[in-house]
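Every chain is numbered from 1, with letters handed out A, B, ... down the list of sequences. All values reported here derive from a predicted model rather than from experimental measurement.
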Amino acid sequence: MLQEVVLKVLNPAGEAKVHKKASATRFDSLDGKRLGLVYNRKPRGDVLLARTAELLKTRFKDIDVTWFDRECCKPPSEAYIEAAAKGSDVVVAAAGD
Amino acid sequence: MVPNPIGHRTIEENQASAEAAIEDIINALTKPLAEETISNEAEKELITVMGEDYAEAVENMNALFMEKCWGDGLPLIPPTDDAVKEMLKGTSHSPDEAVGVVEPRCGVATVKMIAINAVMAGCKPEYLPVVLAAVKASLDSAYNLRAVQVTTGTAIPMLVISGPICKELDINYRAGSMGPGYRANATIGRAFNLICTTVGGRWPGTTSMSSFADPGRFTWCFGEDDAALPPGWEPLRTEKGYKQEKSIIFIMSVLFKHGIYSFMFQEPYGETLKTVARTIKESLAGWSGESALILGPDIAQNLARGAPTKSALKEDLFKSARIPWGKLKNWEAVRQGAFPPGLDKSLLTDESMVSPRLIKPEDLNIIVTGGAGNAAYFTIPWVRTQTTTELIDKWR
């Protein structure tokens, strides 16, 4: 079918700022590692994380667990991120709702 | 690893979810990530669509835009180069000026991007400063845009315009102010929401997890009625520190909107106060203290008989809309530790009177709009968002 009309329109979404970050270190084993649990205080996130920590402790030796509770529903503060990063070798997060 | 929502599952179900996911969790913590190729190839700035005639070309454009999640489901006006240039005459700001970054997509909202979406929405060029101001206000960190864009809760952008620009642009603030019938109300709110979608990437079920969303996410924009304010009651803009002769936009991300319909004309002030206070007392306790009380002119006049200023009404409601701490402390949000923010609970006894909504009287924003009748709304904001304002005049 002959296309008679050519309509040119502007892209309404435009450029997006893409932030590329380095991946966290992966370890061959979690033996002796510090496990950070990041929890946004929404219901049942604590249950999920607690059971995850229990299971990891059965699979690896000497895992040291620290909970990093934070306020839900808004970006974490720089201080919080720094504390969790410095206080952990690996982190598991639960964003419950 | 474990899909949401988890809050509605039992403890046992969540424990089982952790058990089912544990191998994936261990792999994620111990195996290196595969090299990801992130395509930075930008979409073209100019998009070509064709059709047998203009109508078909527009239909094809709409179909393409919906495929790309660039719309709200209603037909869009084609943002041609000429239409956008015409729209940009509505502001003295440079098209390349970046108003800010709209999350979660992190799209850069330039003046031109906003103008493109304003064309799509059906705005006139003279509406553009209002749309620019609305976007700017939403990018204030206090509004917490990323969170309200993606939440499972209801977060409806409510845009209120206060100032002479309401008359200038024929923004409805009288009968039916929140409904259809006025191009400015319909398209300014629509443009704002289109920007949330196209530039910001708010899309149902993928980035926006709102269970219901709300029709207000098409448009919810209305004016404050200066003339209907009782004597002594300030307009919103002067309450927020702007000059009387200026125009502002006030934006709240609304979680719930409660109708208050038990008013009788000419009833004593105390009775009307009790009616409003009852709604506040029964509202959901949440993290933020701010709310809005939207009054039709007749209710405002009635309340003004006992409250000569908005501040007086706020004080009276703050005192009336409280319940004993002994009762409030058992509410779910309070038991979770989310409320009340900043209040030293060690100072409270079971007999202490606490408002489930207002931390201080100033947390109540009072807005007069609409036509004759018994209407009033009490709106509460999404859980961690504050209302924000922006001067419209600086975007002219």
Side-chain angles (χ1 to χ4, degrees), chain A residues 1-20 22-31 33 35-36 40-56 58-60 63 69 71-75 88-97, chain B residues 2 4-7 9 11 14-15 17-19 22 25-26 29-33 38 40 42-54 56-58 61 68 70 78-81 84 101 105-108 110 113 116-117 120 144 146-147 151-152 194 198-199 287 336-338 383-384:
Chain A
M1 228 171 257
L2 185 65
Q3 304 280 288
E4 294 286 349
V5 172
V6 176
L7 182 61
K8 295 192 182 198
V9 291
L10 292 167
N11 178 330
E15 173 203 347
K17 282 198 173 300
V18 175
H19 303 281
K20 207 168 177 181
S23 305
T25 306
R26 263 57 180 173
F27 300 98
D28 291 337
S29 163
L30 298 184
D31 289 340
K33 293 294 183 281
L35 169 66
N40 72 344
R41 295 191 195 149
K42 286 289 196 86
R44 303 292 193 240
D46 52 342
V47 170
L48 210 52
L49 287 172
R51 187 63 184 134
T52 300
E54 275 172 9
L55 290 167
L56 288 173
T58 65
R59 301 284 292 266
F60 301 98
I63 289 186
D69 285 11
E71 285 184 318
C72 84
C73 315
K74 63 181 192 180
S88 319
D89 296 309
V90 294
V91 168
V92 178
D97 209 343
Chain B
V2 175
N4 253 334
I6 60 177
R9 299 198 192 115
I11 291 173
N14 276 291
Q15 288 171 335
S17 294
E19 287 149 21
I22 196 63
I25 293 170
I26 292 171
L29 295 175
T30 55
K31 301 271 187 293
L33 290 175
I38 297 172
N40 261 338
E43 290 266 10
K44 292 179 193 166
E45 189 185 350
L46 198 62
I47 296 162
T48 302
V49 284
M50 295 193 285
E52 273 194 20
D53 53 28
Y54 181 74
E56 188 177 272
V58 171
M61 182 213 91
K68 293 182 177 296
W70 292 345
T80 62
D81 195 49
V84 174
V101 172
R105 178 177 169 265
C106 297
V108 181
T110 60
M113 278 300 129
I116 291 170
N117 283 270
M120 287 160 56
N144 200 2
R146 181 173 73 183
T151 179
T152 57
L194 283 176
T198 59
V199 182
W287 291 265
Q336 283 187 30
V383 294
R384 286 210 193 280

Based on non-hydrogen pairs under 4.5 Å, which of [options] is most in contact with chain A?
options                    : result
B:Asp53, B:Thr110, B:Ile25 : B:Asp53
B:Ser17, B:Pro79, B:Ala18  : B:Pro79
B:Thr80, B:Ile47, B:Thr48  : B:Ile47

> Does any non-hydrogen side-chain atom of B:Met113 lie less than 4.5 Å from one of B:Val108?
Replying inline: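 No - every pair of side-chain heavy atoms lies 4.5 Å or more apart.
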> What are the two closest heavy atoms between A:Leu7 and B:Tyr54, and how far apart are they?
Replying inline: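 Heavy-atom minimum between the residues: CD1-CE1, 4.0 Å.
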>> For A:Val47 and B:Gln15: C-alpha separation, side-chain torsions, deciding distance, then whether side-chain contact (heavy atoms from CB on, under 4.5 Å) applies.
In response: CA-CA 7 Å; A:Val47 170; B:Gln15 288 171 335; 3.8 Å; yes
> What's the verdict on side-chain contact (heavy atoms from CB on, under 4.5 Å) for A:Leu35 and A:Leu56, showing C-alpha distance, side-chain angles and the deciding distance?
Replying inline: CA-CA 9 Å; A:Leu35 169 66; A:Leu56 288 173; 3.8 Å; yes
Contact origin within [X] toward chain A - heavy atom pairs under 4.5 Å:
X        : answer
B:Val84  : side chain
B:Val2   : side chain
B:Lys68  : neither
B:Leu29  : both
B:Arg105 : both

> Under 3.5 Å, is there a donor-acceptor pair linking the side chains of B:Asn117 and B:Thr198?
Replying inline: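 A donor-acceptor contact under 3.5 Å links the two side chains.
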>> Against A:Arg51, only a single residue in A:Leu48, A:Leu55, A:Leu49 fulfils side chain to side chain contact (heavy atoms under 4.5 Å, CB included); can you say which?
In response: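 Filter result, single survivor: A:Leu55.
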